[in-house]
Number of protein chains: 2
Amino acid sequence: MKNSPVDLHNLELDLDPGLTVSREDLLVDGSDAEFRAMVHDLLAFAARLEQIRARFGRFIGLSGVQYTILITIRQLQGENGVGAKAIAEHLAFSPPFVTTETTRLVRLGLVAKRPNPEDLRRVYLTVTDKGIALLTELAPVQQEINDLLFEPVTGDTFEMVRRMARDLRASSERAALLSEYLTDAGKEER
Amino acid sequence: MKNSPVDLHNLELDLDPGLTVSREDLLVDGSDAEFRAMVHDLLAFAARLEQIRARFGRFIGLSGVQYTILITIRQLQGENGVGAKAIAEHLAFSPPFVTTETTRLVRLGLVAKRPNPEDLRRVYLTVTDKGIALLTELAPVQQEINDLLFEPVTGDTFEMVRRMARDLRASSERAALLSEYLTDAGKEER
DNA sequence: TTTTCATTCCTTAATTAATTAGTTTTCAAA
DNA sequence: TTTGAAAACTAATTAATTAAGGAATGAAAA
């Protein structure tokens, strides 16, 4: 629609320099409109997930992020437990926030916090039996909501969606690192 | 793993009552472990998207949410503009927060806010030419990051992922309403 | 009509949530 | 040892929400 300069990476196509994505696979007739619609759908989906987690939390007397932190500890705890920093990185929260919220969960008896004997700076977080029991109370209502939430995912597509979620998570972690690098570089050249 | 009661909806299977999802399509050998792993992948992906938006924002002198609100106005503005409430609902922000942030964007000259002549309570938000120009400045770095971010999406799968994102957005909106209903009901019976 | 009531949209004020900045302790390397 | 870095925590600040309000609309009753 605008002028038509030659893009070094796409010599055969005249692409709009204002496009938000350049890979040909993600353009339709040289337009990123479909791609952007997808991004906004994902954005709205993520916002809805957060709303629903807030509801899950409220149902068992927690805030949305407390609930999120609780299930993330359970997911990552493994044999001995998980560190505060790993939780913060997974959820993109600041470490101090994880500290205050986990301290609150410990006070509620839902999470155990003990020092890592091999490195006394670190801490092992685990979900207590009481925490597991509380999450089990939530299960019936959670089933009903999750069944509806993922209704578009069928037996035929479940494995494919699972793989796509895993791959997108990995690529998004690389992209986050790249974005940090590129925008910091942009800062310095100013 | 625990006891094995009969679930009314799954008479032929003995399902763990602590499962977070009940649809057979989403269980593997009666376990929700794969489903939960997918949910945590999506959670991490959403967190990374937010980090990247914060970087995009910083690159053009905005906060992450200011950038997000700006592109959401552009996406939803249509012919005349979009209301504050629509923006708040799309992003699951509170309306007052949208007010203060859009006021700031207006002060920066990136967004225009004018009253809706057919309903003076409402407001029309649009992105100004200056706002468009600022977003265009971002495009080159954005292309590089988006290309990497969606690397797992190929020409073969783009349409399918687009459709899945659209469908999940729709089902998540229904699930958010259901969660509101179910957890409020849970409140009253207490 | 017109008046009243309930609702909606946006905004301002007060409160809570989450971050950045700064300390302490520990570990690992020189 | 000592230096540097890293994990978690505390304090101070900023971000975002809930609570409260003013103004406009629409519908129902007088």
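Per chain, numbering begins at 1; letters A, B, ... match sequence-line order.
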To the nearest angstrom, the CG-P distance between A:N116 and D:dA6 comes to 17 Å
query: What about A:R121: does its side chain form a donor-acceptor pair under 3.5 Å with the base of C:dT25?
result: no
Taken to the nearest whole Å, CG/B:L125 to C1'/C:dT11 is 13 Å
Between B:R174 and A:E151, does any side-chain N to carboxylate O distance fall below 4.0 Å?
yes
Rounded to whole Å, the CD-C1' distance (A:E50 to D:dA16) equals 12 Å
Between A:R104 and A:E101 (salt bridge meaning N to carboxylate O under 4.0 Å), is one present in this structure? yes
When every non-hydrogen atom of A:V106 is compared with those of A:K113, the smallest separation belongs to CG2-CB, 3.9 Å
Output for pair (B:L178 CG, B:S171 OG), nearest 0.5 Å, gives 11.5 Å
Ring centroids only, cut at 6.0 angstrom: are A:F150 and B:F35 within range, meaning strictly under it? yes
A:R104 CZ to C:dT16 P, in whole Å, measures 11 Å
Side-chain atoms of A:F97 come closest, of C:dA18, D:dC9, D:dA7, to C:dA18
Closest of C:dT19, D:dA16, D:dA7 to the B:V65 side chain is D:dA16
Ranking C:dC10, C:dA18, D:dT25 by distance to the side chain of A:E101, first place goes to C:dA18
Checking C:dT8, C:dT19, C:dC10 against the side chain of B:T99 (C-beta onward), the nearest is C:dC10
To the nearest angstrom, the NZ-P distance between A:K113 and D:dA7 comes to 15 Å
Whole-Å distance, A:F93 CZ to C:dA17 C1', equals 10 Å
Between A:P96 and A:D119, the residue closer to the 5' end of DNA chain D by nearest nucleotide is A:D119
B:E118 CD to C:dC9 C1', in whole Å, measures 15 Å
Sorted by position of nearest nucleotide on DNA chain C, 5' first, the leading residue of B:P95 and A:P95 is B:P95
Taken to the nearest whole Å, CG/A:L105 to P/D:dC9 is 13 Å
With the side chain defined as heavy atoms from C-beta on, B:S94 is closest, among D:dT17, D:dA7, D:dA24, to D:dT17
